[in-house]
Amino acid sequence: MAELVFFTGTMDCGKSTLALQMDHNHAARGRRGIVLTQHDRAGEAVISSRLGLRREALEVNAGLDLWDLAVSARVTLGELDYVIADEVQFYEPEQIDQLARVVDELDVDVFAFGITADFKTQLFPGSRRLFELADRTQLLQVEALCWCGKRATHNARVVDGTMVVEGEQVVVGDTGDQGETPLVEYEVLCRRHFMRRMTSHAARTIGAQQMPFDLDVCPVPASTFVASEPAGELSTAHEGP
Ligand SMILES: Nc1ncnc2c1ncn2[C@@H]1O[C@H](COP(=O)(O)OP(=O)(O)O)[C@@H](O)[C@H]1O
Ligand SMILES: Cc1cn([C@H]2C[C@H](O)[C@@H](COP(=O)(O)O)O2)c(=O)[nH]c1=O
C-alpha cells in the first residue's frame, strides 16, 4: 500500500541528500518516479545537497496542481511508482492535499522532505499540512548540531551577523556565507540558545561558557517562594515540649 511519508528536521540535517538517495535507490530498481522541488538554494528546477549531489527537478510553482501533474506523469512514463518532493515547507496546503490524493487514488508513494518551522519557530504551511495528513513523519537521523554540541532543533535567521525574529517567512538562503548584502544566513541552534539569541558569533563575543544574564541576580522577590508548611502530623511532631 502506498504511503505519504514526511521526512523533517532543521536546515542542514541531510533532507535533500536523503531525497536524492531515495530517488537513486528506487530508480535503480526500475521504479518510475518524478522529483519535485521549490526554491532550492541552488536555483530553479534543481535539488542540491550540501554533500555536492544535485539533480534536475520539476519546480512546484504556486497554483500548480500536483494531482494533474502526477496523472500526466503516469501517462507519459507509462507508470508512476513514486514522487520525491523536496522543500515541501514552501508548498501550498492545497498542494499537500493533492499529494495525499495521489497516494490514495493512484497508489503512488510520496516521499516529502522539508524543514518543520521558520526562524520565528512557526510551522510552515506546507509542513503543518503534512503533519496533519502524512501516514508517517520521520525526524532525520543525522542530527544537525548547535555550536554548544547539543542537537539543533531551531533555525535562526542571521542578518548581517545579528539574529533576527522579525521579517518575511520566506527568504531563501544557506547556513554559510553567501556574500550578499544584506547578508542573510541561517544557523541551527538548540532551543536554549535560540531563546537566548545566542548564535555562535554571539557566544564567541562574550565567551562560550558565559551565560547571557547573571544567574545570581534574582528577578522575582525571594518572598514569592515561601516554603509550604508540612501538613498534619508532621507539623505537630515538631511542636515538642
Ligand atoms: N564536507 C562535508 N563532509 C561530510 N558531510 C557533509 C559535508 N558537508 C555537508 N555534509 C553533510 O550534509 C548535511 C547537509 O545535507 P543537505 O542534504 O544539504 O541538508 P538539508 O537538505 O537538510 O538542508 C550536513 O548535515 C552534513 O551531515
Ligand atoms: C528557517 C527558514 C528557512 N528558509 C529557507 C532557507 C533555505 O532556502 C530553505 C531551507 O533549505 P534546507 O535545504 O533545509 O537548508 O528555507 C526560509 O525561507 N525561512 C525560514 O524561516
Side-chain angles (χ1 to χ4, degrees), residues 5-25 35-57 59-62 84-93 95-96 111-131 137-160 162-180 182-191 193-195 197 199-200:
V5 189
F6 182 30
F7 296 91
T8 190
T10 59
M11 290 178 70
D12 206 19
C13 69
K15 300 177 302 298
S16 298
T17 307
L18 183 61
L20 292 167
Q21 286 176 310
M22 287 187 72
D23 174 53
H24 174 84
N25 290 352
V35 179
L36 316 178
T37 191
Q38 189 178 135
H39 301 326
D40 189 281
R41 297 178 311 275
E44 209 167 282
V46 66
I47 294 188
S48 68
S49 135
R50 291 181 181 84
L51 272 175
L53 295 170
R54 65 165 58 198
R55 182 206 193 285
E56 65 180 22
E59 184 76 14
V60 176
N61 292 315
I84 303 276
D86 199 18
E87 308 288 356
V88 285
Q89 70 273 8
F90 297 140
Y91 295 16
E92 294 159 346
Q95 290 173 322
I96 305 299
F111 306 117
F113 302 82
I115 53 176
T116 311
D118 65 15
F119 72 109
K120 299 179 193 174
T121 73
Q122 307 285 309
L123 291 176
F124 277 95
S127 307
R128 176 190 296 275
R129 195 65 187 135
L130 270 156
F131 277 123
T137 297
Q138 262 181 240
L139 279 185
L140 270 278
Q141 278 187 355
V142 177
E143 297 181 351
L145 300 180
C146 179
W147 58 265
C148 69
K150 278 204 184 140
R151 182 186 182 127
T153 47
H154 291 72
N155 304 298
R157 182 180 289 168
V158 179
V159 179
D160 287 334
T162 303
M163 180 173 160
V164 296
V165 289
E166 296 293 334
E168 294 292 312
Q169 185 176 53
V170 178
V171 177
V172 174
D174 206 346
T175 47
D177 187 333
Q178 298 302 290
E180 292 145 12
L183 177 61
V184 178
E185 298 167 285
Y186 291 91
E187 179 172 350
V188 293
L189 297 173
C190 67
R191 187 185 60 235
H193 289 126
F194 182 91
M195 294 304 202
R197 301 196 192 178
T199 60
S200 54

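One-based numbering, in listed order, for ligands and for the atoms of each.
Ligand 1 places these atoms under 4.0 Å from at least one heavy atom of T17: 15 (O), 16 (P), 17 (O). Those atoms of ligand 2 with a heavy atom of V172 less than 4.0 angstrom away are 8 (O). Residue V170 approaches ligand 2 through these ligand atoms, each under 4.0 Å from one of its heavy atoms: 18 (O). Under a 4.0 Å criterion applied to the non-hydrogen atoms of Q89, ligand 2 contributes the atoms 9 (C), 10 (C), 16 (O). Interface atoms of ligand 2 facing R157, defined by a heavy-atom separation under 4.0 Å, are 19 (N), 20 (C), 21 (O).
Nearest protein neighbour of atom 14 (C) of ligand 1, counting heavy atoms only, is D12 OD1, 3.2 Å. Annotation: atom 2 (C) of ligand 2 to nearest protein heavy atom, Y186 CE2, 3.3 Å. At the top of the distance list for atom 16 (O) of ligand 2, counting protein heavy atoms only, stands F90 CZ, 3.3 Å. When only non-hydrogen protein atoms are considered, atom 15 (O) of ligand 2 lies nearest to R50 NH2, 3.0 Å. Here the heavy atom of the protein found nearest to atom 7 (C) of ligand 2 is G173 O, 3.2 Å. Atom 19 (N) of ligand 2 has its closest protein heavy atom at Q169 O, 2.6 Å. Remark: minimum distance from atom 14 (O) of ligand 2 to any protein heavy atom is reached at K15 NZ, 2.8 Å. The closest protein non-hydrogen atom to atom 8 (N) of ligand 1 is R50 O, 3.8 Å. What sits closest to atom 27 (O) of ligand 1 on the protein, heavy atoms only, is V142 CG1, 4.0 Å. The single protein non-hydrogen atom nearest to atom 18 (O) of ligand 2 is V171 N, 2.9 Å, given as residue, atom name and distance. Atom 21 (O) of ligand 2 has F119 N, 2.8 Å as its closest protein atom, hydrogens excluded (heavy atom only).
Contacts between F113 and ligand 2 below 4.0 angstrom, taking non-hydrogen atoms only, are absent altogether. Under 4.0 angstrom from ligand 2, the non-hydrogen atoms of I115 all belong to its side chain. With a heavy-atom cut-off of 4.0 Å, R41 touches ligand 2 through its side chain alone.
Between R157 and M163, the closest side-chain pair of non-hydrogen atoms is not below 4.5 Å. K15 is not listed as a side-chain neighbour of L18, based on a closest heavy-atom distance of 4.5 Å or more. Taking 4.5 Å as the limit, every side-chain heavy atom of Y91 sits out of range of all side-chain heavy atoms of R129. In this structure, P93 and R128 have side chains that are not in contact, with every pair of non-hydrogen atoms separated by 4.5 Å or more. Between V158 and F119 there is no side-chain heavy-atom pair separated by less than 4.5 Å. Two residues are said to be in side-chain contact when any heavy atoms from C-beta on lie closer than 4.5 Å; H39 and E87 fail this criterion.
On a distance-only criterion, S48 and ligand 1 share no N/O pair closer than 3.5 Å. Between C13 and ligand 1, at least one N/O pair is under 3.5 Å apart. In terms of polar-atom proximity, M11 is not counted as a contact of ligand 1, lacking any N or O under 3.5 Å from an N or O of the ligand.
Separation of atoms CD (E143) and SG (C13) is listed at 10.0 Å; rounding is to 0.5 Å. One finds the CD atom of E185 at 9.0 Å from the CG atom of D160 (value rounded to the nearest 0.5 Å). Rounding to the nearest 0.5 Å places CZ of F111 at 14.0 Å from CG of D86. To the nearest 0.5 Å, atoms CG (N61) and CD (E92) are separated by 9.5 Å.
Closest of all the heavy-atom pairs between I47 and S16 is CG2-CB, 4.1 Å. Scanning both residues, V188 and L145, for their nearest heavy atoms gives CG2-O, 3.8 Å. In plain terms, the two heavy atoms of C190 and K150 that are nearest each other are CB-CB, 4.0 Å.
Annotation: side chain to side chain contact (heavy atoms under 4.5 Å, CB included) contacts of D12 (sequence neighbours excluded): R50, T175. In this structure, the side chain to side chain contact (heavy atoms under 4.5 Å, CB included) partners of T116, at least two apart in sequence or on a different chain, are T8, L123, F131.
At a 4.0 Å cut-off, at least one heavy atom of E87 sits close enough to ligand 2 to count as contact. Taking a 4.0 Å cut-off on heavy atoms, E168 fails to register as neighbouring ligand 2.
Using a 4.0 Å threshold on non-hydrogen atoms, atom 19 (O) of ligand 1 counts as touching the protein. Proximity of atom 24 (C) of ligand 1 to the protein is indicated by at least one non-hydrogen atom lying closer than 4.0 angstrom.
Classified by interplanar angle (parallel below 30°, tilted 30° to 60°, perpendicular above 60°), the ring pair F7/F113 is parallel.
Of the candidates L51, L140, V188, it is L51 that places a heavy atom closest to atom 11 (C) of ligand 1.
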